[in-house]
Colleague: 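After the C-alpha cells below, expect a handful of questions from me.
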Amino acid sequence: MTSTLSASSAWPESPFVPPPMSENSPDSEDRSSLSDLSDISAAVTDAVDDERRSQTSVTSPTNAAATSVQNVNPSPNSITLPVDSSIPNVLYLSFNQDYGCFAAGTDRGFRIYNCDPLREIFRRDFTGNSNGGGGIGVVQMLFRCNILALVGGGPEPQYPLNKVMIWDDHQSRCIGELSFRSEVKSVRLRRDRIVVVLAQKIFVYNFSDLKLLHQIETVANPKGLCEVSQVSGSMVLVCPGLQKGQVRVEHYASKRTKFIMAHDSRIVCFALTNDGRLLATSSSKGTLVRIYNTLDGSLVQEVRRGADRAEIFSLAFSPTAQWLAVSSDKGTVHVFNLKVDSAALGIDRPRGASESNATSPSAGSHLSFIRGVLPKYFSSEWSVAQFRLQEGLQHIVAFGHQKNTVVILGMDGSFYRCQYDAATGGEMILLEHHSFLKSEENF
C-alpha cells in the first residue's frame, strides 16, 4: 500500500506495515540489532521523494502523545514551547548535506534551522519522560526531509547512548531503531544509506529496511570520524584506518578499498567533497591540512593553518572544491585557495573559476623564490582570508549559498555569516551575527 501527496506538502503521510522479525548479528564484540518497529521503507521513500520535489523548508507537525523512553516504540511528547527566557545547552551541531540547514542537539531536545535566511524551522523539546531526560547528543538531517537520526546525550539523555533512533517528524515519533553494545559516536545519512560510527567500528545499513550491508574496523575513533559522499549511486566512505594517521577510503561502486597514510600523528578531522573525489585531512598537530585524491590516494595539495599546535574543529569544501574552510581552537576561521586540477577529477566549476584561481592571492606565493633554501614552513601555502572568533570555543564552518560567503556556528549558540574577497583576500567582512538559541522567531 502506498500513499500520495501533493508536491506542496513537505510532510508526506507514510503507511506502515510491520516487517518480519530480523536481527543483524556480526561476529564481533559490537553487535547491532534491529528492534521490532514499523517498516521505515515507505517513510524514507516518501520523505525523500517529497524533499526532491518541493525543496521547501520543513514545518512543524502536530503533537504526539507522551510515552516513556523505555517503550519499544518510543514516541515522547513533542511540543513547540512558548517564549522561554532560559536557554538550553548545545550538545551537538551539524549542517545538512547541502549546507542549507543545520541541526542543534540540546539538553532538552533538538532544533532545526534554515541558514539563509537564518530562522528556526522547528524544535522538539521532549517532556513527560520517567527518567527526566531530553538530551540529544547527535542529530543528523536527511537533506530537508522529515527523517532524522537521533542519539541521546548530555547528563539526562532522551535515548540510550548505544541506540540510533530514526525519527519521522511528520509523525513526531521514532519509526526505526538500531541498538549496539557500545556507545554511538556519530551517524551519517545518505538517501539510501545510514552509517553508524562506534569507537572502533562502523556499520553501513540500507536505509529502507535497516539491513546491515557492511562493517568496518577502525583504530580508536573517539570523535566518530566518518564522511560519505552524497552523489546518487556512487557512495564513497572515508574513515580512520587501522593505524594512527591512516585513512580508509571505500569506493562502493567499484568495490575498491584505498588506504592513505595521511599524517604521522592521529587524525582528528576530515572532510569529503559531495562527489567523494577529494578528501581534506588534519592531524592532532593542527598545523597542516592535506588534500588527497580519493581515487588513487595521491596528495594534491598541502596548506598551512599556522605554526603552533591547534585542535581543528571543522573542515569544509566549497561546492566547486575551489575553496577550503578551516576552524580551530585558536579562534580563527581560515579560507584557503585550492589549486586542484578540477578537469582531471571531473569537478564542475563555473566559467572563470579556474582563471580566478590562478590569480587569487596566495600567502605563500611571494616566498616561492626561497623554496628549497629555507625550511618548508616559509614556503607553505597560507590562507587567503580569515575571520576572528572567541579563542577556545568550538565552531563548525560551511560555505554559504551566497557567493564567497562562509557560515560559522558556535557551541554557544552563535551564528555568523561572513564574506571574503576572492581577489584580494584578507580579513572577512561580517555580514550578520545572531544567537540562534533565542526564542524569537525573527532574527
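Every heavy atom of this structure was used, including side-chain atoms; hydrogens, water molecules and symmetry mates were not. It should be emphasised that the depicted structure is a prediction, and the values quoted were computed from it without experimental measurement. Numbering of residues begins at 1 and proceeds along the displayed sequence.
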Colleague: Which is it for Leu198 and Arg181 under the side chain to side chain contact (heavy atoms under 4.5 Å, CB included) test, yes or no, and what are the steps along the way?
Modeller: CA-CA 10 Å; Leu198 308 183; Arg181 288 186 173 179; over 6 Å; no

Colleague: Between CZ of Phe126 and CD1 of Ile136, what distance do you get to the nearest 0.5 Å?
Modeller: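 Going from CZ on Phe126 over to CD1 on Ile136, the span is 5.0 Å.
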
Colleague: Quick one, Leu295 and Arg277 - any side-chain contact, counting heavy atoms below 4.5 Å?
Modeller: yes

Colleague: So if I apply the salt bridge (charged side-chain N to carboxylate O under 4.0 Å, His left out) rule between Glu311 and each of Lys330, Lys285, Lys223, which one comes out positive?
Modeller: Lys223

Colleague: Quick one: does Tyr292's side chain have a donor or acceptor within less than 3.5 Å of a partner on Ile260's backbone?
Modeller: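 No: the side chain of Tyr292 does not pair with the backbone of Ile260.
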
Colleague: Given Tyr205, which of Val164, Val195, Ile194, Leu213 fulfils the side-chain contact (heavy atoms from CB on, under 4.5 Å) condition?
Modeller: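 Among Val164, Val195, Ile194, Leu213, the one meeting side-chain contact (heavy atoms from CB on, under 4.5 Å) with Tyr205 is Ile194.
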
Colleague: For Leu393, does the CG atom have more than 12 heavy-atom neighbours from other residues, nucleotides or ligands under 6.0 Å away?
Modeller: yes

Colleague: Using the benzene-type ring in the case of Trp, are the ring centres of Tyr113 and Phe415 under 6.0 Å apart?
Modeller: no

Colleague: Check for a donor-acceptor pair, side chain of His401 on one end and backbone N or O of Cys115 on the other, with a separation under 3.5 Å.
Modeller: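 No; judged by distance alone, with no hydrogens or angles, the pair does not exist.
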
Colleague: So how far is it from Ile312 CD1 to Cys269 SG, rounded to the nearest 0.5 Å?
Modeller: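 It is 7.0 Å, given to the nearest 0.5 Å.
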
Colleague: Looking at Asn89, is its backbone amide N or carbonyl O close enough to the side chain of Asp107 to form a donor-acceptor pair, meaning the two atoms are under 3.5 Å apart?
Modeller: yes

Colleague: Can you list everything that forms a side chain to side chain contact (heavy atoms under 4.5 Å, CB included) with Ser414? Sequence neighbours excluded, please.
Modeller: His395, Asp412, Tyr416, His433

Colleague: Are Phe399 and Phe317 side-chain neighbours, meaning at least one heavy-atom pair lies under 4.5 Å?
Modeller: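 Not in contact.
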
Colleague: Check whether any side-chain heavy atom of Thr106 sits under 4.5 Å from a side-chain heavy atom of Arg123, and report yes or no.
Modeller: no

Colleague: Would you check if Thr405 and Asp116 make a side-chain contact, meaning some heavy-atom pair closer than 4.5 Å?
Modeller: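 Contact flag for Thr405/Asp116 side chains = no.
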
Colleague: Go through the steps for Gln200 and Thr218 under the test side chain to side chain donor-acceptor pair (under 3.5 Å), then give the verdict.
Modeller: CA-CA 5 Å; Gln200 290 187 287; Thr218 70; over 6 Å; no

Colleague: A side-chain contact here means heavy atoms from C-beta on lying under 4.5 Å apart; do Val219 and Lys244 qualify?
Modeller: no

Colleague: Could you go through Arg248 and Leu242, starting from their C-alpha distance and side-chain angles, then the distance that decides it, and tell me whether this counts as side chain to side chain contact (heavy atoms under 4.5 Å, CB included)?
Modeller: CA-CA 8 Å; Arg248 175 172 179 159; Leu242 285 172; 5.5 Å; no

Colleague: Ignoring hydrogens and angles, tell me if any N or O in the side chain of Arg111 forms a donor-acceptor pair with the backbone of Leu437 under 3.5 Å.
Modeller: yes

Colleague: With a sphere of 6.0 Å drawn around CG of Asp264, does it hold more than 12 non-hydrogen atoms of other residues, nucleotides or ligands?
Modeller: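 Counting other residues, nucleotides and ligands, CG of Asp264 stays at 12 neighbours or fewer.
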
Colleague: With a 4.5 Å cut-off on side-chain heavy atoms, are Ile267 and Pro240 touching?
Modeller: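 Heavy-atom side-chain distance check fails, nothing below 4.5 Å.
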
Colleague: With side chain to side chain contact (heavy atoms under 4.5 Å, CB included) as the test, would you mind laying out the steps for Leu237 and His214 before giving the verdict?
Modeller: CA-CA 11 Å; Leu237 180 150; His214 191 206; over 6 Å; no

Colleague: Look only at the side chain of Arg417 and the backbone of Gly400, and say whether a donor-acceptor pair between them is shorter than 3.5 Å.
Modeller: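 No.
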
Colleague: Between Leu338 and Val300, is there a side-chain heavy-atom distance shorter than 4.5 Å?
Modeller: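 No. Closest side-chain heavy atoms not under 4.5 Å.
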
Colleague: Given the rule in the side chain to side chain contact (heavy atoms under 4.5 Å, CB included) test, do Trp167 and Tyr159 qualify, once you have shown the distances and angles that lead to the verdict?
Modeller: CA-CA 12 Å; Trp167 177 272; Tyr159 304 112; 3.6 Å; yes

Colleague: Are any non-hydrogen side-chain atoms of Tyr99 and Pro319 less than 4.5 angstrom apart?
Modeller: no

Colleague: Which residue, Thr273, Val236, Leu272, forms the side-chain contact (heavy atoms from CB on, under 4.5 Å) with Glu227?
Modeller: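 Of Thr273, Val236, Leu272, side-chain contact (heavy atoms from CB on, under 4.5 Å) with Glu227 is met by Leu272 alone.
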
Colleague: For Met141, does its backbone N or O pair with a side-chain atom of Gln97 as donor and acceptor, under 3.5 Å?
Modeller: yes

